[in-house]
Amino acid sequence: MEATVGDQLLMHGRVVGQHDRKAEIVEVLGDRGHPPYRVRFDDGHEAVMSPGPDSVVRHRDAVDRPLGP
């Protein structure tokens with residue numbers, strides 16, 4: 001898993017009824033874009049995370065890119 005500042009970290013819910021969570025990567029603490037990451041959630045909460053297999057990095061250029069032709 002590799003990320004840069006501004007990418008989104010999407011964490012899928014682990015159990016039925018648990019919603020996905022999104023956070024913005026505000027600092028990359030590992031070497032060459034690898035975890036751990038400092039992230040900021042929508043409510044302003046910040047945490048240092050080493051994402052597990054239920055997480056996906058959505059790169060900033062893919063998030064900003066419009067869908068369709």
Side-chain angles (χ1 to χ4, degrees):
M1 180 177 290
E2 275 188 38
T4 58
V5 172
D7 290 347
Q8 283 186 347
L9 184 63
L10 175 64
M11 294 149 285
H12 298 289
R14 294 183 178 181
V15 296
V16 174
Q18 185 179 36
H19 298 286
D20 292 348
R21 294 181 65 192
K22 288 189 292 187
E24 178 185 357
I25 296 174
V26 295
E27 185 178 2
V28 177
L29 301 170
D31 293 334
R32 297 182 306 273
H34 294 164
Y37 306 122
R38 182 178 312 278
V39 299
R40 181 179 304 124
F41 294 93
D42 292 338
D43 64 0
H45 174 81
E46 289 191 8
V48 174
M49 300 186 68
S50 290
D54 57 342
S55 301
V56 177
V57 171
R58 295 180 64 200
H59 298 287
R60 180 180 7 186
D61 59 342
V63 172
D64 293 339
R65 188 179 318 136
L67 297 175

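In this text the structure is predicted, and so the values were computed from the model without any measurement.
Under 4.0 Å is where a charged nitrogen must lie from a carboxylate oxygen, and between D42 and K22 no such pair does.
Cluster annotation: V39 is connected to V28 through the hydrophobic network of ILVMFWY side chains, with a link wherever side-chain heavy atoms come within less than 4.5 Å. Linking ILVMFWY residues whenever their side-chain heavy atoms come closer than 4.5 Å, directly or via other members, places I25 and M1 in the same cluster.
Side-chain contact of H12 with D54: a donor-acceptor pair under 3.5 Å is absent, judged by distance alone.
Side chain of D7 to main chain of R60: a donor-acceptor pair is present (N/O by atom type, distance under 3.5 Å, no hydrogens or angles).
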Using side chain to side chain contact (heavy atoms under 4.5 Å, CB included), reason through Y37 and E24 one step at a time and then give a plain yes or no. CA-CA 10 Å; Y37 306 122; E24 178 185 357; over 6 Å; no

After noting the C-alpha distance and the side-chain angles of E27 and L29, does the key distance pass the side chain to side chain contact (heavy atoms under 4.5 Å, CB included) rule? CA-CA 6 Å; E27 185 178 2; L29 301 170; 3.2 Å; yes

Let me see the working for L9 and M49 under side chain to side chain contact (heavy atoms under 4.5 Å, CB included), right down to the final yes or no. CA-CA 10 Å; L9 184 63; M49 300 186 68; 4.3 Å; yes

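How far CD of Q8 is from CZ of R21: 13.5 Å, rounded to the nearest 0.5 Å.
The side-chain heavy atoms of E2 and H34, taken from C-beta on, include a pair separated by under 4.5 Å.
In terms of heavy atoms, D43 sits closest to H45 at OD1-N, 2.9 Å. Closest approach of G13 to D20, counting heavy atoms only: N-OD1, 3.0 Å.
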